[in-house]
There are 2 protein chains.
Amino acid sequence: MERRNTRQLETIRNFAEHSKSHPTAEDVYREIVKTIPDISLRTVYRNLNKLSDEGILRKIQVPNAPDRFDSTLEPHQHILCTECGEFIDVFMNNEERLLAEIKDLCGYEITGIDVVYRGVCPTHTKK
Amino acid sequence: MERRNTRQLETIRNFAEHSKSHPTAEDVYREIVKTIPDISLRTVYRNLNKLSDEGILRKIQVPNAPDRFDSTLEPHQHILCTECGEFIDVFMNNEERLLAEIKDLCGYEITGIDVVYRGVCPTHTKK
DNA sequence: GCACTAATAACAACTGTTGTCAATAAGAAA
DNA sequence: TTTCTTATTGACAACAGTTGTTATTAGTGC
């Protein structure tokens with residue numbers, strides 16, 4: 001299975017890899033379309049997914065909101081402002097004093113935490 | 001604003017409040033339709049949202065999957081099995097040793113954690 | 001340049017959920 | 001009990017975000 005470096009893929013990779021803003025597919029599309037006017041949103045999705053499959057980006061699935069693509073690969077979490085949509089990084093490791101720490105760190109007043117771990121249950125664990 | 005106890009609302013409340021299985025709106029619908037054959041899925045959504053607005057249920061927004069409604073109100077988190085879709089409770093409080101603890105507690109092999117805090121950024125905090 | 005085929009653009013389809021609105025029925029008043 | 005008001009409903013459309021499909025285009029090795 002040969003792999004080709006298309007102009008679309010390279011442009012998307014270059015933009016997403018250097019972006020600090022957790023862009024959505026739409027965000028990326030709006031940027032890329034400036035240099036490749038006839039690119040399709042479908043291709044942006046395709047390539048962002050490819051890049052996150054390859055581990056070059058991290059896909060952040062946000063409940064009730066579009067997925068975002070993160071070029072920071074180190075483990076961290078995110079905060080979404082429910083008022084303005086701002087989406088920022090938080091690097092935390094202990095859950096004790098978590099909300100207070102967040103407040104100190106970035107001034108966010110946390111109103112909700114939805115955590116869903118993904119995993120494989122005992123009966124489906126591949127041995 | 002008067003509030004009415006409809007048969008639909010009461011039936012949905014009774015089922016969801018006693019359910020231990022984190023049902024989705026579809027799950028609830030499939031159950032309720034047995035006793036109220038002409039109920040609409042729209043009404044199930046409407047009433048589940050109402051109940052979670054009232055704090056009687058907790059709505060769990062799962063990325064890329066339907067919302068679930070939880071009758072357990074104490075703070076806790078969830079694990080979704082990516083193989084079979086099983087969705088279970090986890091009661092954890094310190095993030096240290098978290099994955100190991102989860103493994104000990106319920107045998108789940110965690111493959112991903114997507115945490116999105118929701119909050120209000122400093123500039124939008126209501127004084 | 002030529003052949004091969006991965007990747008694309010265009011478009012449709014999908015899932016989960018909410019908007020709209022005329023018809024219905026809960027509950028207060030008569 | 002009957003009437004009246006209006007909250008709630010059911011039917012249907014619409015929506016957002018994403019993926020499926022497929023003929024066409026364009027990388028890549030020769």
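Any value given below was found using the heavy atoms of this structure, including those in side chains, with hydrogens, waters and symmetry copies removed.
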Checking salt bridge (charged side-chain N to carboxylate O under 4.0 Å, His left out) for the pair A:Glu54/A:Lys50: CA distance, chi angles, key distance, verdict? CA-CA 6 Å; A:Glu54 287 172 1; A:Lys50 172 180 291 191; 5.6 Å; no
Test log, rule salt bridge (charged side-chain N to carboxylate O under 4.0 Å, His left out), inputs B:Arg7 and B:Glu10: CA-CA 5 Å; B:Arg7 191 156 87 93; B:Glu10 287 316 301; over 6 Å; no
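Between B:Gln61 atom CD and C:dT15 atom C1' there is a gap of 15 Å when expressed in whole angstrom units. If you take CG of A:Asn49 and C1' of D:dG17, they are 12 Å apart, rounded to a whole angstrom. The distance from atom CG of B:Asp27 to atom P of C:dT15 is 16 Å, rounded to the nearest whole Å. As rounded to whole Å, 14 Å separates atom C1' of C:dT24 from atom CD of B:Glu2. For the pair B:Arg7 CZ and C:dG27 P, the computed distance is 14 Å after rounding to whole Å. Atom CG in B:Leu41 sits roughly 13 Å away from atom C1' in D:dT9 (whole-Å rounding). For the pair A:Leu9 CG and C:dT8 P, the computed distance is 7 Å after rounding to whole Å. Protein atom CZ of A:Arg13 is 12 Å distant from nucleotide atom P of C:dA7, rounded to whole Å.
A sub-4.0 Å separation between OP1 or OP2 of D:dG10 and a side-chain N or O of B:Gln8 is present. Close to D:dT9, at under 4.0 Å from its OP1 or OP2, lies no side-chain N or O of B:Thr43.
Counting only heavy atoms from C-beta outward, the side chains of B:Asp67 and B:Leu48 never approach each other to under 4.5 Å. Within the 4.5 Å cutoff, side-chain heavy atoms of A:His22 are placed close to those of A:Asp89.
Side-chain atoms of A:Arg42 and base atoms of D:dG20 include a donor and an acceptor less than 3.5 Å apart. Remark: the A:Arg46 side chain and the C:dA9 base include a donor-acceptor N/O pair separated by less than 3.5 Å.
For A:Thr6, taking side-chain heavy atoms from C-beta onward, the closest of the listed nucleotides C:dT8, D:dT18, D:dT28 is C:dT8. Relative to the side chain of B:Arg3, the nucleotides D:dT8, C:dA9, D:dT9 differ in distance, and D:dT8 lies closest.
No contact: A:Glu26 has no heavy atom under 4.0 Å from any strand. Residue B:Asn64 is classed as having no contact, given no heavy-atom separation below 4.0 Å to the nucleic acid.
Residues A:Asp27 and A:Thr24 bring a donor and an acceptor atom of their side chains to less than 3.5 Å of each other.
Both B:Asn5 and B:Tyr45 lie near DNA chain C, and the one whose nearest nucleotide falls closer to the 5' end is B:Tyr45. Both A:Arg4 and A:Asn47 sit near DNA chain C, but only A:Arg4 has its closest nucleotide nearer the 5' end.
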